[in-house]
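When reading the values below, keep in mind they use all heavy atoms of this one structure, side chains included, and skip hydrogens, waters and symmetry mates. The chains referred to below are lettered A, B, ... by the order of the sequence lines, with proteins before strands, and numbering in each begins at 1.
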Amino acid sequence: MMQTFRRRIGARALASLPALLGVIVFTFILMRVLPGDPAVYFASGPNAGQAEIDGLRHKMGLDRPMPIQLAHYVAGIVTGDLGNSLTTGQPVMHDIRARLPASLELTLTALGLSLLLSLPLGIVSAWYANSRWDQCIRTLCTICFCIPPFVSAIFLIYVFYYIFGLVPDPTGRINIFTPLPHDITGFLLVDFLLTGDPAGWREAAGQLLLPAVTMALFVLSPLTRMTRASLLTVMNSDFIRTARAMGLPTWRIVTVYALRNALSPILTTVGIVFSTMLGANVLVEKVFSWPGVASYALDALVASDYAPVQGFILLMAILFIMVNLLVDILQGLVDPRVSME
Amino acid sequence: MMQGILDIDALSVRFAGRNSHFDALRGVSLSLEQGRILGVVGESGSGKSVTGLSVMGLLPQQASITGGRIRFKDQDITARTPRHLRGASIAMVFQNPRAALNPTRRICDQLSDVIRAHESLDSGAIRQRVIHLLESVNFPDISRRMGVYPHELSGGLCQRVMIAMAIACSPSVIIADEPTTGLDVLTQKAVMDLLFRLSRERAMSMMLITHDLGLAAQYCDSIAVMQKGTVVESGSPARIFSNPQHAYTQRLVDACMTMHPAQPHPAGKTTSRKRRPLLEVSNLRKRYANGHLAVDGVSFAIAPGESLGLIGESGSGKSTLSRLVGRLLDPDDGAIRFEGRSIGTIGARDFFRAEQRPHIQLVFQDAAGSLNPRFTAFDSIADPVRRLGPARNPGALRHHVEKCAADVGLAPALLDRYPHQLSGGQCARVGIARAISVDPKLLILDEPTAALDVLAQSEILALLERLRREKGMSYLFVSHDLHIVRMICDRMVILQNGKIVETGNCEEVFQNPRAPYTAQLLAAIPHFRPASQEAAAATGTEFAGS
């Protein structure tokens, strides 16, 4: 059992290699055909001479033929070197390692909040389908989905920071005067807990709250709607009727019989939503000055800084593959019929 | 009316649609007495299932009780059936046991759920009870298999689990809604015998809802016949069979009787046996990727105009065999010859281009499911003509399709309807019209009447019989129902575990089965046996009295 499990994961990892290679080549070419010359951008001033630019081009390897540049790049990736960022002056690997936890912490918290809300809402919506409650929940979902996250972010800041002052200054992960915990996982909430600093934890949680809620509201709609639709299908099936005929308590029918069988499409949606959020939360990261990978990649893109953008896209591809693998494994745990194959 | 344990008095149920409504029950009165078995018989749509669901309080949202009352042991349960009664005092066994069990929960846990819902026992006691329940439904290999999921069990075993759930809290009434529909004849007999034994042993009353009058007659103490939401006749099985009063009952009894003909059926026995066989199958073998040997060295031949029955329970390989012959699957070994030419070597993927494709056509089991839901009946019938037949202009095509529809007795007005707007019998007719639209020489019929109720079934069988005579087609008729095969086929082949155990003329096989398996199959067919009926009734009284 465990052996076949491991073999399947290995097979999946192998199968994803061509896709990764495709992503690498594609982003590499894309970055080179985009207008803009990094050498010009990074030359010391607007009146830098041609000689200075050429010198920079040579130093950056931009004067060599493209296939050779690509080969260098791929060789670098294999040894764990994603190149250097010209804007920060640091290796891209270092930057990403420093910023990825911030993005992951925000995304995971938002996803958790969203699930906490959308599962009960979806259950109520499906159980009392077409009732007034159902209508209200569906309207709420539509509203949440229609408002762009940067608008709801500014609205939330206005209400909770500016008017009521309930949350701290919405910039960054932590107040600059708060001593940072020892870097263990990179997740501030976890690190504060591990180092036993409740005050710091509260501080970090306060900073995290608004951006997380903003993102959670944005993905509330797909999760609730999928929960509702999937539950409705399941609740019309024969085994729910059996459970009712056998006189099982309602909450047991909802949780063990209906929800458990409805989980499969919900899990798939969670996987998609998570991957989308990780890349698409750039707006939220910008509004809240959140030091995440998405805003990092955007800054690099504006500066024609190839290496960070390529690194970011590669990171997203790897994360996407891992999330899909995780979802598949969970599917097997949720539905015994899947693992039979 | 006598006071029973469950009394239904002038019950009316209405289904409300968006702008129409439909009265599913119009004043149904039934009484179930302590320890007795009541058969509720009728075709689909007669309201027999709605009656059962009303008792359980499980009517769908759009249905409501508009009149009458349901009383269980002096308690009025018309408006709602309290949860503590459901499962504990009145339990229900459903049709299609595989779908009726939770697919993601182990069967022992599902059984425990039922017990836990009604009694507070510790987990050890519950486990003991689960094992005991599985024992009493003769569930094999309990210690190893109680932890399996429903999809790992056969339909018959799933139904045993379902029955174990129903009797888990020793209810006084069991409502069995078509408990054996879709199960093969041996499993059907095993399940019905089990229900019968449990009901007698535990002095449980049972309401057996079925479309099969023969089945009801064999197991029930009394029978109520339902049509269009009313009970048209009720009485003892012997009375219903010997002296049916209502015209509808008469038809049901007749349909039941033609299934058990005393004399050889009048089907024109074809004389073309001497000629070269139309289809010849020799030593066919098919092993699936999972290692299961579905068809193991099967040989038979079909003469032009002959009809051959292929009999076997589920898992015997009969469907695989029909798919091999229909060239939807590739055999691993052996030859298939059609009109003397080998077609087994043409890959199943390429066979649609072969010139024999129009000559070998199929009619499928699930009449509605095998029609494209986005095609009208006309499109469904015209589709093979467009692909396989000679090119026709639209007018000629319409003419041809209408002729095919007329051949199968489908009214021209129905041609513009979609499958969901047609009844089961009408869908079956569309399926047959589609198959004959390209003038096949061999028709492979895979349980074409399995999903139909008894009247629609006898109509379709008569239609098939007529078509064969008129068009001179050969049939390969796949079924698990021996009587149907006897009615429509000249010869039969009996399959067990992918091997032929017996082959021969239908009447000879019926009169004098040689293989023990055949004898077993024949004995399992439910029908009205006056002698055994009285014996059963006698035991019933005995148990009820004790």
Side-chain angles (χ1 to χ4, degrees), chain A residues 1 4 124-135 227-228 230-268 327-341, chain B residues 49 52-53 55-62 81-107 109-119 147-152 158 161-162 164-169 171 174-175 177 289-290:
Chain A
M1 180 69 192
T4 54
V124 170
S125 198
W127 196 257
Y128 302 103
N130 299 323
S131 69
R132 191 153 299 172
W133 285 106
D134 184 23
Q135 308 276 358
T227 308
R228 178 180 185 272
S230 172
L231 266 178
L232 272 183
T233 319
V234 170
M235 274 178 341
N236 280 322
S237 50
D238 285 0
F239 59 86
I240 296 293
R241 190 185 55 184
T242 308
R244 289 175 58 203
M246 295 301 167
L248 262 54
T250 305
W251 64 269
R252 203 168 174 81
I253 297 180
V254 173
T255 53
V256 179
Y257 281 70
L259 191 58
R260 173 81 197 268
N261 283 287
L263 269 185
S264 192
I266 300 175
L267 263 178
T268 309
V327 166
D328 279 4
I329 292 170
L330 289 177
Q331 297 278 23
L333 292 180
V334 163
D335 191 338
R337 288 166 299 182
V338 173
S339 48
M340 282 292 286
E341 293 160 14
Chain B
S49 289
L53 292 175
V55 173
M56 297 303 297
L58 291 178
L59 284 174
Q61 271 188 350
Q62 64 270 29
T81 311
R83 187 174 78 75
H84 67 86
L85 286 186
R86 276 185 276 136
S89 300
I90 315 175
M92 192 152 179
V93 175
F94 293 97
Q95 186 177 355
N96 193 1
R98 278 199 158 164
L101 294 174
N102 184 345
T104 60
R105 202 154 168 76
R106 297 174 192 280
I107 57 165
D109 293 334
Q110 297 194 43
L111 277 162
S112 321
D113 283 343
V114 176
I115 301 169
R116 210 170 280 136
H118 298 287
E119 288 167 50
V148 300
Y149 292 97
H151 70 271
E152 299 171 72
C158 282
V161 174
M162 188 75 228
M165 281 169 80
I167 61 168
C169 297
I174 281 198
I175 299 172
D177 186 358
N290 62 11

Test: A:Asp335 and A:Arg260 ion pair at under 4.0 Å: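 Here A:Asp335 does not pair with A:Arg260 in a salt bridge, since their nearest N and O are not under 4.0 Å apart.
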Under 4.5 Å from any heavy atom of chain B - which part of A:Val256: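 Both backbone and side chain.
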Look at [options] and state which one has the largest set of heavy-atom pairs under 4.5 Å with chain A.
options	answer
B:Leu85, B:Thr104, B:Val93	B:Thr104
B:Arg116, B:His84, B:Met56, B:Arg105	B:Arg105
B:Arg86, B:Gln61, B:Gln95	B:Arg86

Contact summary for [X] and [Y], nearest pair of heavy atoms:
X	Y	result
A:Ser230	A:Pro265	OG-CG, 3.2 Å
B:Ala117	A:Pro249	CB-CD, 3.8 Å
A:Pro336	B:Pro103	CG-O, 3.6 Å

Contacting moiety of B:Met92, where chain A heavy atoms sit under 4.5 Å: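 Both parts, backbone and side chain.
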Region of B:Ala166 that comes under 4.5 Å of a non-hydrogen atom in chain A: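 Both parts, backbone and side chain.
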Side-chain donor/acceptor of B:Gln110 to backbone N/O of B:Asn102, under 3.5 Å: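 It does hold such a pair.
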